[in-house]
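Here the structure comes first, spelled out in structure tokens, and everything after it is commentary.
Within every chain, numbering begins at 1; the chains are lettered A, B, ... in the order of the sequence lines, protein sequences first and strands thereafter.
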Number of protein chains: 2
Amino acid sequence: MHTVVMPPPEMEAVKHADPYQLQSIDRVVALLDMLSESDIPLSLAEICARMGLHKSTAHRSLIVLERTSMIERTPEGKFRLGLKLYELGNRAVEQMDLRDRVQPFFRRLAMEVGETVHLSVLQRTKVVYLDKVEPNRRVCMTSKSGTSNPVYCTSMGKAMLAFLPEELREEIISKIKFTRLTSKTLCTREALMKSLERVKKRGFAIDDEEIEVGVRCVGAPIFDENHFPIAAVSVSGPASRITVQSVPGIAEKLIRCCNEISRTLGIHDKRRSRYSSPLFHHYGN
Amino acid sequence: MHTVVMPPPEMEAVKHADPYQLQSIDRVVALLDMLSESDIPLSLAEICARMGLHKSTAHRSLIVLERTSMIERTPEGKFRLGLKLYELGNRAVEQMDLRDRVQPFFRRLAMEVGETVHLSVLQRTKVVYLDKVEPNRRVCMTSKSGTSNPVYCTSMGKAMLAFLPEELREEIISKIKFTRLTSKTLCTREALMKSLERVKKRGFAIDDEEIEVGVRCVGAPIFDENHFPIAAVSVSGPASRITVQSVPGIAEKLIRCCNEISRTLGIHDKRRSRYSSPLFHHYGN
DNA sequence: ACTGCCGTACCGCATTGTGGTACGGCAGTC
DNA sequence: GACTGCCGTACCACAATGCGGTACGGCAGT
């Protein structure tokens, strides 16, 4: 390829590992990822610098993305993600209809425990919220679905991580950038691993004010037919109500709920490991 | 190009209108759109049929999209939109931070009128919901943000349409596929145009049970620095509470709110029409 | 006025992506 | 149980496509 400055040797080693190039598509995804990670709109020059692309090449891709509303331009001409992504993203969730299939169990759990209940899935090193139910009585917490939190400081994140196949778990953990959010946040690989061990034994995870002071959560995974943790449910509330004493009772109800959900999902067949190379998609320079 | 079976003549007419080809990217977007419109996951063969693509070509693109989590495969091997889109989409909205900047005004309005308040933007022929606030007292309506409704039967859609530049409005309206949702739905271009005239005069739009029986909404646009309606706000509630008598009062509060928001947004500069060719991106067979 | 930077436009070359074809597996039919 | 047809995957040779370079024009700062 003439896009990338390529060290002449060991070329064919890569060749077979990644048989389908379609470089423009890969690049587009990398561009979107990049824009997603940036908190501010970026100029063409900045994008080129970050991605190591030539002006013309990046420009061409960006123009097409703009035409298709995948990205938009600020009045100053800088680029940022476009709203079509929002629309597509929400369609994606609708189509999976995890949300809808889970709702009934979900609502019942919220009633039983009287706390906010969340549904989320794993996306790279983040937990993306799909849905939440608040107990009827009063508003307890606010959190918008569609937002995401790091895996390592959420009960749902830890619940899913713990039950992931070894290799995949390693891959994810290696990508985590730990940041201290509260004094109780697990900020090292070791602390996280130790926590995951306990999660695996108990079947549920706890977030003990690790992401926000005063908030405790209990989370458990939902499994698909291959015992793959495709999603997680959590119960969260003020530390004053979710106490050492009340956790076991909550966890029991939570796990029962998750098992019911898992069972209703587990009606599929075998076929392919689907999670073959799901994570971080690396853009070669 | 050798992708598309091309009627030999009038080729160069298109050539200049659409200078940047990058066909693989265009195709990818078209694929995503297609998957978005389908309610069920599609097989490779189905995708080829709908898009008029050759097996190999479609397959290659799909594989890349799968690798990058833009789409996923069901256990049966069918394709559907992937969760990365959800993540990207939500980042897009965060980055625009319309939502956050609007929130305070927004909440106040909800308190004042005691009804559900929505924020949305225009995306092609649809209104995409970005946010909502429910009045504290009780749950009134349910609607998830991220969902979308057709422009022509929502107050927000009509509010934005009415204040769009002539040409763009025409472009959008020409793309609408009218479907009757209730007995009051505006189902013709003419009815819609007439309605828009009134919206323009009054400064706000009404959805009088046009999308759902028993629900009335009042909507008004938010303008950017160029008097371009970038978003809209609506007040919606049961027809029993939003009556002919109460509409003027609600509309007044709504418009005041929207004006305040518009003013806080109108701090930008001139530069480019940004909406040069924003809509329907057509995939040439 | 001069200089430098940024976004845009164009062009010729060869790499990349294309369409066709072939393979293998699964499912339904006789 | 063999046959048939369909679907997803893999490979290949050709040439059209997308690449990098380069040049232009506008704006801003000196």
Considering every strand shown, what is the Watson-Crick or G-U wobble mate of [N] when both distances are under 3.5 Å?
N: C:dG25; answer: D:dC6
N: C:dC30; answer: D:dG1
N: D:dA13; answer: C:dT18

Should [X] be listed as having a side-chain N or O under 4.0 Å from OP1 or OP2 of [N]?
X: A:His54; N: D:dG21; answer: yes
X: A:Ser43; N: C:dG7; answer: yes
X: B:Ser24; N: D:dG18; answer: yes
X: A:His59; N: C:dG7; answer: no
X: A:Arg60; N: D:dG21; answer: no
X: A:Gln23; N: D:dC19; answer: yes

Let me know, please, whether A:Lys78 or A:Ile25 comes out on the 5' side of the other along DNA chain C by nearest nucleotide. A:Lys78
Position toward the 5' end of DNA chain C (nearest nucleotide), B:Ala58 or A:Ser56: A:Ser56
How close do B:Arg169 and B:Ala162 get, counting heavy atoms only, and between which atoms? NH1-O, 3.0 Å
What are the two closest heavy atoms between B:Pro165 and B:Phe228, and how far apart are they? CD-CE1, 3.9 Å
Do the charged groups of [X] and [Y] touch, with an N to O distance under 4.0 Å?
X: A:Lys84; Y: A:Glu87; value: no
X: A:Glu260; Y: A:Arg263; value: no
X: B:Asp39; Y: B:Arg80; value: no

Can you tell me which nucleotide in [options] comes closest to the side chain of [X]?
X: B:Leu22; options: D:dC19, D:dA10, C:dT8; result: D:dC19
X: B:Arg73; options: D:dC19, D:dT9, D:dG21; result: D:dT9
X: A:Ala45; options: D:dC7, D:dT9, C:dC6; result: C:dC6

Under the 3.5 Å rule, do the base of D:dG21 and the side chain of A:Lys55 count as making a donor-acceptor pair? no
